[in-house]
There are 2 protein chains.
Amino acid sequence: MSYDNAKRASGTAMKTGIQTIHAELIAVLVAVTGSVPRVLTLADGSALPAGPLELTHRSLQAGVRVWVERQTHHPLGYIEQLYTFADPTRGATVSGDQAERSISISYLGLTREIASGGDTVSWQDIYRYFPWEDRRSDPTLIERTIRAEMGRWIGTSAERAARVNACFGLDGSPWNEDLALSRYELLYEMGLVREAARDGQSNGGEFIPGTMMHADHRRILATALSRLRAKIKYRAIVYELMPESFSLLELQRCVEALAGQRLHKSNFRRLLASQNLLEETAHYAPGVGRPAKLFRFRAALLAERAIAGTRLPIARP
Amino acid sequence: MSYDNAKRASGTAMKTGIQTIHAELIAVLVAVTGSVPRVLTLADGSALPAGPLELTHRSLQAGVRVWVERQTHHPLGYIEQLYTFADPTRGATVSGDQAERSISISYLGLTREIASGGDTVSWQDIYRYFPWEDRRSDPTLIERTIRAEMGRWIGTSAERAARVNACFGLDGSPWNEDLALSRYELLYEMGLVREAARDGQSNGGEFIPGTMMHADHRRILATALSRLRAKIKYRAIVYELMPESFSLLELQRCVEALAGQRLHKSNFRRLLASQNLLEETAHYAPGVGRPAKLFRFRAALLAERAIAGTRLPIARP
DNA sequence: TCCATTATACTCATATTGAGTATAAATGAG
DNA sequence: CTCATTTATACTCAATATGAGTATAATGGA
């Protein structure tokens, strides 16, 4: 049973008639501090910040921006729409025989971490929710904790085995960091995350480590992580996550934090050089060892934006 | 003034209070027939098919699928969510002092073209709406028709010049087919598409050739084109657009139709070979000249799905 | 002074791309 | 039946890009 199917199955109040549609904005605010990718959460890390769509908002984007800036007292740089979910079951308050349908529109925003005003608002390590996605120090978590359970789910199905191998980079398939969302959804389908059990999927044994979240917030966070990982490869958006000036190693650590992978130092620098995104400052970062030159992003970058894009074998006239 | 700003400015009925949110699904159905990329439209090509979100739909995806299949009597292969717009102005029926807000959730679907049952339903050449995006035979349309107007908008602003050059591949910048949406939005901002005038943007002179659409359907179509062009480069989705078996040249023509670019024949084939997506059939396509071997997509492809993904300079342990 | 530590510069074999040329297998005109 | 025309495939080769290192340069502290 797929993620969608499971959600459906638990639905009850389906009847045609007068319906109030309730729309909600959900924000995934990401920052990278040191080598830790973090997300802004509510309720002790168990929910993403969300607010109702108000008629005063001129556009969805503007709605999120206003809302987040009020929460964090910090201007929000990059914003991007993630996905819209409309689940008839979730938040279905059947009051007075009138079903309420909820639409959730989620956004990804990039900032730098600052002390948040709110009380229950806190920044959490993203890998708290997806320990298996962080392969920087130990790429074997999956193997050690849950491979046996996955084997049980696979059984003798060649198709299931192929899916698991492609998603988790097992048995010869390469690991692809962009597949974070597919992996979460597959784990849900296998009943190995707690949300699956909560939503009525029975499961025979263990869960994979990782903190559960309210409703499908963890899925939304996985969507954000996937999107962000894919995007850093062809758009210079790390830019929104870095301070004014930084060393090349700091930039590398930031990308590594998001990708969940160690990168090859000199090749990473060669790549940066070829993109012509950075310019030197006159300053050096002190610290242990030889001081590193500090760089900043080229101002012109703001205008260019789009950059390269992948290639097709184009014919010239 | 940006596209969003212009939309906002024309908004009036903004008041907080009881609000009914009306949600609508909009479908961009794409097929490629011969060398023409086509889209399913209503009303003589002036609107995209759209329908209300019904409570009986189990999920948005399912809603679109049901709706489209009822319209076209043909199973829909690939579906992907595009974007959600919530515009307070559009469709704002201020009846009885109650503002109605409309949310549009758009989807991209891929099929093969078949005779559509409906009367006003028809398939239209996508480039009818974006002639400048088709550079297969004549890449100079922009130059010839509208460069002067763009110059007028740019004036002496270096920032505007940089944006135009990056978007349209002028003055040394490379043309990037994925930027179809940015180009449409920029043309709107410049007042060079008719929608801009309709929405209250004054403009001094000419419009760029291209058929106008209802509401912001043309923008949604541009979103679909951008997404599709980006996606064919890293996911094997052309598959949904091709018949059971086909020659390599037919496949090339299909990709060219979507990309709006001619491709280099032998390099395209080398790429295909390296991806291992195809397998030979025993048949040949007759016609003038040497008959071409017919291929089909490998069945295993369905299971693998995700494929490669772009690369980071990864460090090995 | 010399060593641990981090920064930066080079090197080099291999793979991937861009851009063609050469050869093969059909059709139809004369 | 032969040859020009047309399309299909096979190769070639230089220019780049990538993966994986090694070598050398600056620091602060023992």
Side-chain angles (χ1 to χ4, degrees), chain A residues 34-35 139 174-177 232-234 245-256 259 261-296 307-317, chain B residues 34-35 169 174-177 232-234 245-256 259 261-296 307-317:
Chain A
S35 290
W175 173 266
N176 179 347
E177 59 282 347
I232 43 173
K233 288 177 210 151
Y234 63 95
S245 71
F246 46 84
S247 72
L248 295 180
L249 187 58
E250 281 164 355
L251 183 58
Q252 183 182 340
R253 293 284 176 250
C254 176
V255 175
E256 287 178 339
Q261 291 246 341
R262 311 298 314 260
L263 302 182
H264 188 285
K265 193 192 256 186
S266 43
N267 292 346
F268 177 73
R269 285 162 184 229
R270 180 171 58 191
L271 194 67
L272 285 176
S274 77
Q275 314 237 82
N276 194 28
L277 300 174
L278 304 179
E279 61 189 13
E280 297 185 1
T281 68
H283 303 107
Y284 287 81
V288 77
R290 174 174 168 179
K293 192 170 278 176
L294 292 178
F295 289 79
R296 73 167 79 86
I307 322 288
T310 344
R311 283 162 300 190
L312 285 170
I314 287 167
R316 315 251 172 250
Chain B
S35 290
W175 172 267
N176 180 348
E177 60 282 346
I232 43 172
K233 288 176 210 150
Y234 63 94
S245 72
F246 46 83
S247 72
L248 296 180
L249 187 58
E250 282 164 354
L251 183 57
Q252 183 181 339
R253 294 281 177 254
C254 175
V255 175
E256 288 178 338
Q261 292 245 345
R262 312 296 318 260
L263 302 181
H264 188 284
K265 192 192 255 185
S266 42
N267 292 346
F268 178 74
R269 285 161 184 229
R270 181 171 57 191
L271 194 68
L272 285 176
S274 76
Q275 314 235 85
N276 193 29
L277 300 174
L278 305 180
E279 61 188 15
E280 297 186 2
T281 67
H283 304 108
Y284 289 79
V288 75
R290 174 174 167 179
K293 192 170 279 176
L294 292 178
F295 290 79
R296 74 167 78 87
I307 324 289
T310 344
R311 284 161 301 190
L312 285 171
I314 288 166
R316 314 252 171 250

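Proteins get letters first, then strands, A, B, ... in listed order; numbering begins at 1 in each.
- One atom, CD of E250(A), and another, C1' of dA7(C), lie 13 Å apart when rounded to the nearest Å.
- Between L272(A) atom CG and dA7(C) atom P the separation is 14 Å, expressed in whole Å.
- Counting heavy atoms from C-beta on, the side chains of L278(B) and F246(B) come closer than 4.5 Å.
- Using a 4.5 Å cut-off on side-chain heavy atoms (C-beta onward), L248(A) and K293(A) make no contact.
- In this structure, Y284(B) atom OH and dT27(C) atom C1' are separated by 17 Å, rounded to whole Å.
- Q275(B) places its CD atom 12 Å from the P atom of dT16(C), with the value rounded to the nearest Å.
- Within the 4.5 Å cutoff, side-chain heavy atoms of L249(A) are placed close to those of K265(A).
- Computed from coordinates, the H264(B) NE2 to dC11(D) C1' distance equals 13 Å when rounded to whole Å.
- The base of dG28(D) is not paired with the side chain of R290(A) by any donor and acceptor separated by under 3.5 Å.
- The side chain of K265(A) lies closest to dT8(C) when the candidates are dT8(C), dA19(C), dG21(D).
- One interatomic measurement links the two molecules: CG of N267(A) to C1' of dT22(D), which rounds to 13 Å at whole-angstrom precision.
- When the nucleotides dT6(D), dT12(D), dT18(D) are ranked by their closest atom to the side chain of V288(B), dT6(D) comes out on top.
- Here the nucleotide nearest the side chain of R270(A), chosen from dA7(C), dA8(D), dT11(C), is dT11(C).
- In terms of phosphate contacts, R269(A) brings a side-chain nitrogen or oxygen within less than 4.0 Å of OP1 or OP2 of dT8(C).
- Side chains of N267(B) and R270(B) form a contact here, defined as non-hydrogen atoms less than 4.5 Å apart.
- Using a cut-off of 4.0 Å between Lys/Arg side-chain N and Asp/Glu carboxylate O, R253(B) and E256(B) are scored as salt-bridged.
- Rounded to whole Å, the distance from CZ on R262(B) to P on dG18(C) is 17 Å.
- K293(A) comes within 4.0 angstrom of sugar-phosphate atoms only, judged by non-hydrogen atoms across all strands, and of no base.
- Each of S266(A) and S266(B) was matched to the nucleotide of DNA chain C holding its nearest heavy atom; the match closer to the 5' end belongs to S266(A).
- Taking atom CD on Q252(B) and atom P on dT9(D), their separation rounds to 12 Å, with Å as the unit.
- In terms of position on DNA chain D, the residue among G289(A) and S274(A) whose nearest nucleotide sits closer to the 5' end is S274(A).
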